[in-house]
Amino acid sequence: MSTESEKKGIEASFKSMDTEEFLDIYFNRPIGYAWALFFKKLKVHPNVVTIFSIILGIGAGVMFYYPDMKHTLLGILLLMWANHYDSADGQLARLTGQKTQWGRMLDGFAGDIWFFTIYAAICLRLMNQPMPFHIGDGMHWGIFIWILAIVSGTVCHSKQCTLADYYRNIHLYFLKGKSGSELDNFKQQREIFYSLPWKGNFWWKAFLYFYGNYTRQQERMTPNFQQFYALVKEKYGDNIPQELRDEFRAASKPLMKYTNILTFNTRAIALYISLLIGEPWLYFVFEVVVMTSLFVYMRHCHEAICARLYHKYITK
């Protein structure tokens, strides 16, 4: 394959240049694309690649249980490898046309399984270790590291990624229209859920139920956007005027850097640094303090944009 055609293939895997970040454009996507071509040649199904990524992510978590540098470096390599396979499975699905319900379900859960394993491994590693800044024998982490991990993972990490994903899809909807976005809603997902019988659809219905709850959480965090979006749908349907598309894109684009920070790459770098310096609890603190601050700022700005545009277009 020529360099030019390879470049076009990689670029075709981007959802948009507005929503891609530096590390993905120049590192993760090209490596993922190379793996996708390799698996295509071997006729490996995209779902199998997703399963490989889950196994690698779990392996990374297990490595992070051990405090020595050898296991830490191996865990970092495994998690990077898992992320490349996570990129490759979607690219492989597009290259081969093998998009399936199971693929969507597996891909949605892959990252959650990685981080669940990583969080548990760090907690098991630290619970019998002394807390930082201890005097003498001091206090051990014990249950406190589990509490910190639960707050970090459920209250912070989960909401941060949920809202960042939603803002990306909102941006893509105004940029590319309905076909270029996965801007789903709770009502729609529940209608699909209730339209299917349980027989022969158990796992897909289970996925739709939890995915519906996921979209409801997104909607509850964005009241101003819901009001603005309802107005847009009422006035224009899916035929949004180009003027409004351009105006929304210009206002939303500066926030895309925060959606990228709040998803994988920055989070992974913070995790790697905390592990390399032998203080993995700092990763949880980073999520609770730094990432939550960015999350609050991003949400405030996006809601302000939606409120402003609502009041402007309701009178047009």
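Values below: all heavy atoms of this structure, side chains included; hydrogens, waters and symmetry mates excluded. Each residue takes its place number in the sequence, starting with 1. Model, not experiment: these values are computed from the prediction.
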Worked verdict on Leu92 versus Trp35 for side-chain contact (heavy atoms from CB on, under 4.5 Å) = CA-CA 8 Å; Leu92 180 62; Trp35 278 114; over 6 Å; no

Report the C-alpha distance between His84 and Phe27 in whole Å, list the side-chain angles of each, state the deciding distance to 0.1 Å, and finish with yes or no for ring-ring contact (aromatic ring centres under 6.0 Å, His included).
-> CA-CA 9 Å; His84 293 149; Phe27 183 63; 5.2 Å; yes

When you look at Asp184 and Asn169, which way does the side-chain contact (heavy atoms from CB on, under 4.5 Å) test go after all the steps?
-> CA-CA 9 Å; Asp184 297 324; Asn169 279 308; over 6 Å; no

For Lys187 and Ile192, what are the C-alpha separation, side-chain angles and deciding distance, and is it a side-chain contact (heavy atoms from CB on, under 4.5 Å)?
-> CA-CA 9 Å; Lys187 182 180 178 183; Ile192 298 172; over 6 Å; no

Test ring-ring contact (aromatic ring centres under 6.0 Å, His included) applied to His71 and Phe64, step by step = CA-CA 7 Å; His71 283 92; Phe64 295 151; over 10 Å; no

Begin from the C-alpha positions of Glu20 and Arg29 and carry the test side-chain contact (heavy atoms from CB on, under 4.5 Å) through to its verdict.
-> CA-CA 10 Å; Glu20 296 289 345; Arg29 297 287 191 200; 3.2 Å; yes

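The two residues Met291 and Ile261 come nearest to each other via the heavy atoms CE-O, 3.1 Å. Of all heavy-atom pairs spanning Cys301 and Leu255, the tightest one is CB-CD2, 3.7 Å. Nearest approach of Trp114 to Gly57, heavy atoms of both residues: CD1-CA, 3.5 Å. Shortest non-hydrogen contact noted between Ala110 and Asp86 is CB-OD1, 4.5 Å.
In this structure, OG on Ser53 lies 9.0 Å from CG on Asn83, to the nearest 0.5 angstrom. Here the straight-line distance linking atom CG of Asp246 with atom CD1 of Ile240 works out to 11.5 Å at 0.5 Å rounding. Rounding to the nearest 0.5 Å places CD1 of Ile314 at 8.0 Å from NE2 of His311. Rounding to the nearest 0.5 angstrom, the gap separating the CH2 atom in Trp198 from the CG atom in Leu196 is 10.0 Å.
At a threshold of 4.0 Å, the pair Glu247-Arg308 counts as salt-bridged, since one of the basic side-chain nitrogens sits closer than that to a carboxylate oxygen.
Counting heavy atoms from C-beta outward, Thr72 and Tyr66 have side chains that stay 4.5 Å or more apart. Between Asn201 and Pro197 there is a side-chain heavy-atom pair separated by less than 4.5 Å. Put simply, the side chain of Ile150 does not reach to within 4.5 Å of the side chain of Val155, judged on heavy atoms.
Sorted by first and then second residue, the side chain to side chain donor-acceptor pair (under 3.5 Å) pairs with a member in residues 278-294 read Tyr119-Glu287, Ser152-Glu287, His157-Glu287, Gln160-Thr292, Arg267-Glu287, Glu279-Trp281, Tyr283-Glu287; sequence neighbours excluded.
The environment of Ile143 atom CD1 is sparse: at most 12 non-hydrogen atoms of other residues, nucleotides or ligands sit within 6.0 angstrom. Heavy-atom contacts from other residues, nucleotides or ligands closer than 6.0 Å to NZ of Lys178 number 12 or fewer. The neighbour count for Lys312 NZ, taken as heavy atoms of other residues, nucleotides or ligands under 6.0 Å away, is above 12. For OH of Tyr272, the number of neighbouring non-hydrogen atoms (other residues, nucleotides, ligands) closer than 6.0 Å is greater than 12. Counting non-hydrogen atoms of neighbouring residues, nucleotides and ligands closer than 6.0 angstrom, the OH atom of Tyr65 reaches no more than 12 such neighbours.
Partner Leu271 forms a side chain to side chain contact (heavy atoms under 4.5 Å, CB included) with one of Leu276, Leu282, Ile122 and no other, that one being Ile122. No option in Leu163, Leu183, Ile170, Thr162 other than Thr162 meets the side chain to side chain contact (heavy atoms under 4.5 Å, CB included) test with Gln218. For the side-chain hydrogen bond (donor to acceptor under 3.5 Å, both in side chains) with Arg190, the lone residue among Asn213, Thr215, Asn185 that qualifies is Asn213. None of Phe174, Tyr313, Tyr310 except one satisfies the ring-ring contact (aromatic ring centres under 6.0 Å, His included) rule with Phe248; the exception is Phe174.
Checked by atom type, the side-chain pair Asp238/Tyr173 shows a donor-acceptor distance below 3.5 Å. Side chain to side chain, Thr263 and Arg168 meet the donor-acceptor criterion of an N or O pair below 3.5 Å. Counting only N and O atoms by type, the side chains of Ser87 and Asn28 include no donor and acceptor under 3.5 Å apart.
In this structure, the side chain of Glu219 engages the main chain of Phe186 through a donor-acceptor pair within 3.5 Å.
Aromatic ring pairs are classed by plane angle as parallel below 30°, tilted from 30° to 60° and perpendicular above 60°; the pair Tyr85 and Phe52 is tilted. Using cut-offs of 30° and 60° for the angle between ring planes, the Phe207 and Tyr211 rings count as parallel.
Annotation: side chain to side chain donor-acceptor pair (under 3.5 Å) contacts of Lys205 (sequence neighbours excluded): none.
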